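Structure first, commentary second.
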Amino acid sequence: EVQLVESGGGLVQAGGSLRLSCAASGFTFDDRAIGWFRMAPGKEREGVACTSSSDGTTYYANSAKGRFTISSDNAKNTMYLQMNSLRPEDTAVYFCAVGGLCTAQDTTIIIRDLYRWGRGTLVTVSS
């Protein structure tokens with residue numbers, strides 16, 4: 001079955017860290033773009049980080065720069081989002097995605113030629 005499955009979400013205090021994982025099955029990350037997006041309560045889904053293997057570009061949301069890091073282990077077919085110095089406003093459901101190319105328009109991160117979304121993992125940051 002072709003799918004993406006996130007894990008690693010949970011409850012953490014402000015200032016803490018979490019590492020989200022997203023495991024792919026049925027396909028590989030080779031030559032694809034991978035990204036993390038989030039949806040906070042009452043808000044639209046927004047891009048957090050995205051990296052394209054085709055051109056080597058990586059985009060981070062302004063709110064994520066310096067705190068979050070996107071990475072992948074192609075041998076494990078797994079991508080990660082390391083999140084440090086977490087804030088209550090980081091509370092959201094986090095989704096991984098695989099597509100063709102990451103782009104950014106103004107402050108909006110977009111993953112083009114979307115192939116798959118994960119189902120999401122909840123991150124709650126308490127103050």
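Computed from a predicted model, the values in this text were never measured in an experiment.
The closest side-chain heavy-atom distance from N62 to T107 is below 4.5 Å. Under the 4.5 Å side-chain criterion, counting only non-hydrogen atoms from C-beta, M39 is not in contact with E46. Counting heavy atoms from C-beta outward, F29 and K76 have side chains that stay 4.5 Å or more apart. Within the 4.5 Å cutoff, no side-chain heavy atoms of V98 are placed close to those of W117. Residues L20 and E6 fail the side-chain proximity criterion, which asks for heavy atoms closer than 4.5 Å. I109 is not listed as a side-chain neighbour of V48, based on a closest heavy-atom distance of 4.5 Å or more. Y80 is not listed as a side-chain neighbour of I70, based on a closest heavy-atom distance of 4.5 Å or more.
In the hydrophobic cluster analysis, where Ile, Leu, Val, Met, Phe, Trp and Tyr join through side-chain heavy atoms closer than 4.5 angstrom, M79 is grouped apart from Y59. Both L81 and L4 belong to a single network of hydrophobic side chains, linked directly or stepwise wherever heavy atoms of I, L, V, M, F, W or Y lie under 4.5 Å apart. Hydrophobic cluster membership is shared by L18 and I34, with clusters built from Ile, Leu, Val, Met, Phe, Trp and Tyr side chains linked at under 4.5 angstrom. There is a path of hydrophobic side-chain contacts, each under 4.5 Å, that joins L114 to F95.
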Open item on the list: Between S17 and N84, does the side chain to side chain donor-acceptor pair (under 3.5 Å) criterion hold? Intermediate values first, please.
Closed with: CA-CA 4 Å; S17 298; N84 300 325; 2.9 Å; yes
- [ ] Output, in order, the C-alpha distance, side-chain angles, deciding distance and verdict of salt bridge (charged side-chain N to carboxylate O under 4.0 Å, His left out) for R32 and D113.
- [x] CA-CA 10 Å; R32 297 182 188 268; D113 300 323; over 6 Å; no
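The shortest non-hydrogen separation linking G100 to S54 is O-OG, 4.3 Å. Considering every non-hydrogen atom in both S126 and L11, the closest pair reads CB-CD1, 4.3 Å. Nearest heavy-atom pair, M83 versus V123, reported as atom, atom and distance to 0.1 Å: CE-CG2, 3.9 Å. Closest non-hydrogen pair, L101 versus D55, comes out as CD1-OD2, 3.6 Å. The shortest non-hydrogen separation linking T91 to V125 is OG1-N, 2.9 Å. In plain terms, the two heavy atoms of V2 and Y115 that are nearest each other are CG1-OH, 3.7 Å.
Atom CZ of R119 and atom SG of C22 lie 12.0 Å apart (nearest 0.5 Å). Interatomic distance, R112 CZ to C50 SG, rounded to the nearest 0.5 Å: 10.5 Å. How far CD of E1 is from CD of Q3: 4.0 Å, rounded to the nearest 0.5 Å.
Counted within 6.0 Å of CG on D30, heavy atoms from surrounding residues, nucleotides or ligands total more than 12; the atom is thus considered enclosed.
With hydrogens and angles left out, the side-chain atoms of D106 and T108 include no donor and acceptor closer than 3.5 Å. Of the N and O atoms on the side chains of R38 and S63, at least one donor lies less than 3.5 Å from an acceptor on the other residue.
The aromatic ring centres of F68 and W36 sit 6.0 Å or more apart. You'll find the ring centres of Y94 and F37 outside the 6.0 Å limit.
With hydrogens and angles disregarded, a donor-acceptor distance shorter than 3.5 Å links the side chain of N77 to the backbone of F27.
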